[in-house]
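Reviewing the structure listed below.
Both backbone and side-chain heavy atoms feed into the values below; hydrogens, waters and symmetry mates do not.
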Amino acid sequence: MAVSISRRSHSPKWVKDLQKKLPKLATSVIALLIFLLIWQILCFSPDAPLPSPTKVVSETWELIINPFFNNGGTDVGLFWQIFASLQRVAVGFTLAAIVGIAVGILIGSSALVYDAIDPIFQILRTVPPLAWLPISLAAFRNNEPSAIFVIFITAIWPIIINTAVGVQQVPQDYKNVSRVLKLSKVEYFFNILFPATVPYVFTGLRIGIGLSWLAIVAAEMLIGGVGIGFFIWDAWNSSMISEIILALIYVGIVGFLLDRLMAYIAKLVVPEENK
């Protein structure tokens with residue numbers, strides 16, 4: 001008995017974490033099953049406007065089991081549709097992160113500049129993503145850069161604003177220490193300013209990546225080509241409601257994974273005392 005107790009007390013950390021998460025996981029699974037059951041009951045009738053879960057699976061089974069097919073053009077599996085969308089998001093979001101962090105630090109470092117520019121940013125950030133699409137199409141005259149620009153302009157505002165707020169929240173004691181130590185601007189940036197701002201930066205990045213994914217799905221419905229947004233729009237034009245539902249499930253899963261990925265990176269980068 002003593003040996004058994006000793007072994008239990010020295011369980012691996014991942015086992016203990018799993019044991020803690022099991023009740024929450026079980027609750028989520030039960031809630032999902034109840035949701036599917038209600039959906040199945042409401043849509044079981046042949047006259048129901050939406051397909052039931054079992055009908056969705058049966059009508060999209062080929063897409064589910066074979067997501068990698070590629071027949072050329074837009075006739076490709078869901079993996080390639082999502083992959084094309086993720087490529088656009090990666091480019092647009094990376095550009096937004098680079099520019100947004102740089103601009104946020106610049107305007108956050110000056111109260112006068114921040115007060116002057118903040119109203120403009122507050123107005124522009126409320127413009128819906130698709131409202132930028134005609135402007136980008138007129139400017140670039142090409143679908144691909146236009147879609148990337150929509151992602152960029154959608155994701156950049158929370159990054160700029162959160163970074164600027166983070167710069168403004170640097171404790172005065174830190175600034176005083178930098179003066180006492182006579183740190184250069186480069187040393188102040190890398191040793192004080194940026195580390196203190198990182199938690200705010202990742203808050204903006206996490207919001208930005210979610211908005212990027214929302215924006216590209218909407219933009220692809222209009223620009224066409226390979227992408228999960230165009231797949232949804234094409235399925236609607238073909239009255240394939242089950243395919244739309246399947247695509248929406250995948251969109252939600254990918255969006256969730258992107259958010260979790262950003263949260264995980266933030267956990268690795270942000271110092272414990274700043275969390």
Side-chain angles (χ1 to χ4, degrees), residues 74 76 78-107 117-118 120-166 200-236 244 247-266 269:
T74 59
V76 296
L78 283 172
F79 171 83
W80 301 111
Q81 303 282 4
I82 293 173
F83 182 69
S85 298
L86 285 174
Q87 284 181 306
R88 298 185 181 107
V89 168
V91 175
F93 177 73
T94 300
L95 292 174
I98 295 171
V99 176
I101 293 172
V103 173
I105 290 174
L106 288 175
I107 67 173
I117 299 180
D118 183 61
I120 300 175
F121 287 167
Q122 294 298 338
I123 292 172
L124 292 177
R125 76 180 182 85
T126 61
V127 177
L130 286 184
W132 292 104
L133 189 57
I135 299 297
S136 60
L137 286 170
F140 297 106
R141 300 182 183 277
N142 189 287
N143 288 346
E144 195 69 19
S146 297
I148 292 173
F149 175 79
V150 170
I151 299 168
F152 170 84
I153 203 69
T154 302
I156 196 170
W157 307 120
I159 299 173
I160 290 177
I161 293 170
N162 279 275
T163 302
V165 170
Y200 295 89
V201 171
F202 271 96
T203 298
L205 292 175
R206 192 170 175 181
I207 296 171
I209 193 66
L211 293 177
S212 297
W213 187 238
L214 294 176
I216 190 56
V217 171
E220 286 175 344
M221 290 184 178
L222 299 180
I223 65 172
V226 177
I228 192 64
F230 174 75
F231 176 87
I232 292 172
W233 187 247
D234 186 56
W236 164 252
I244 295 175
L248 291 178
I249 293 172
Y250 284 179
V251 166
I253 292 173
V254 172
F256 173 77
L257 292 177
L258 289 174
D259 180 76
R260 293 292 91 195
L261 175 62
M262 191 57 61
Y264 177 72
I265 296 174
V269 175

Kindly give the heavy-atom pair with the smallest separation between G229 and M221, and that separation in Å. O-CG, 3.3 Å
Could you list the residues that satisfy side chain to side chain donor-acceptor pair (under 3.5 Å) with R260, not counting sequence neighbours? none
Taking the side chain as everything from C-beta on, heavy atoms only, tell me whether F231 gets closer than 4.5 Å to I244. no
With sequence neighbours left out, the residues meeting ring pair (Phe, Tyr, Trp, His ring centres under 6.0 Å) with F230 are none
What's the separation between atom CD1 in I207 and atom CD1 in I161, rounded to the nearest 0.5 Å? 9.0 Å
Any sub-3.5 Å donor-acceptor pair from Q81's side-chain atoms to T74's backbone N or O? yes
Report the residues that fulfil ring pair (Phe, Tyr, Trp, His ring centres under 6.0 Å) with W157, sequence neighbours left out, ordered by chain and then residue number. F121
Between L211 and P158, which heavy-atom pair has the shortest distance, and what is it? CD1-CG, 4.0 Å
State which residue, out of I148, I216, I159, T154, fulfils the side-chain contact (heavy atoms from CB on, under 4.5 Å) condition with F93. I159
Apply the side-chain contact (heavy atoms from CB on, under 4.5 Å) test between I82 and each candidate in V251, I228, V226; give the one that qualifies. I228
For the residue pair Y264 and D259, establish whether any side-chain heavy-atom pair is separated by less than 4.5 Å. no
Quick one, L95 and V91 - any side-chain contact, counting heavy atoms below 4.5 Å? yes
If you count every heavy atom of other residues, nucleotides or ligands that lies below 6.0 Å from F256 atom CZ, does the total exceed 12? no
Look at the side chain of N162 and the backbone N and O of V201, then say whether any donor-acceptor pair between them is shorter than 3.5 Å. no
Any chance CD1 of I249 has more than 12 other-residue heavy atoms, nucleotides or ligands included, within less than 6.0 Å? yes
What is the minimum heavy-atom distance between F149 and S136, and which atoms define it? CD2-CB, 3.4 Å
Write out all pairs satisfying salt bridge (charged side-chain N to carboxylate O under 4.0 Å, His left out) with one or both partners inside residues 94-103, taking only residues at least two apart or from two chains. none
Step by step, work out the side chain to side chain contact (heavy atoms under 4.5 Å, CB included) result for I209 and V89. CA-CA 8 Å; I209 193 66; V89 168; 4.1 Å; yes
Interatomic spacing from CZ in F152 to OG in S212 - rounded to 0.5 Å: 10.5 Å
For the residue pair G100 and I156, what are the closest heavy atoms and their distance? CA-CG1, 3.9 Å
Is it true that atom CH2 of W80 has more than 12 heavy atoms of other residues, nucleotides or ligands lying nearer than 6.0 Å? no
Pairwise side-chain contact, L137 with N143, heavy-atom cut-off 4.5 Å (strictly under): yes
Decide yes or no for L86 and L258: does some side-chain heavy atom of the first lie under 4.5 Å from some side-chain heavy atom of the second? yes
So, for A147 and I223, which heavy atoms are closest and what is the spacing to 0.1 Å? CB-CD1, 3.4 Å
If the condition is salt bridge (charged side-chain N to carboxylate O under 4.0 Å, His left out), which residues does D118 pass it with, not counting sequence neighbours? none
In chain order, what residues pass the side chain to side chain donor-acceptor pair (under 3.5 Å) check against E220, with sequence neighbours excluded? S85, R88
Nearest 0.5 Å please: distance from the CD1 atom of I117 over to the CG atom of L106. 9.0 Å
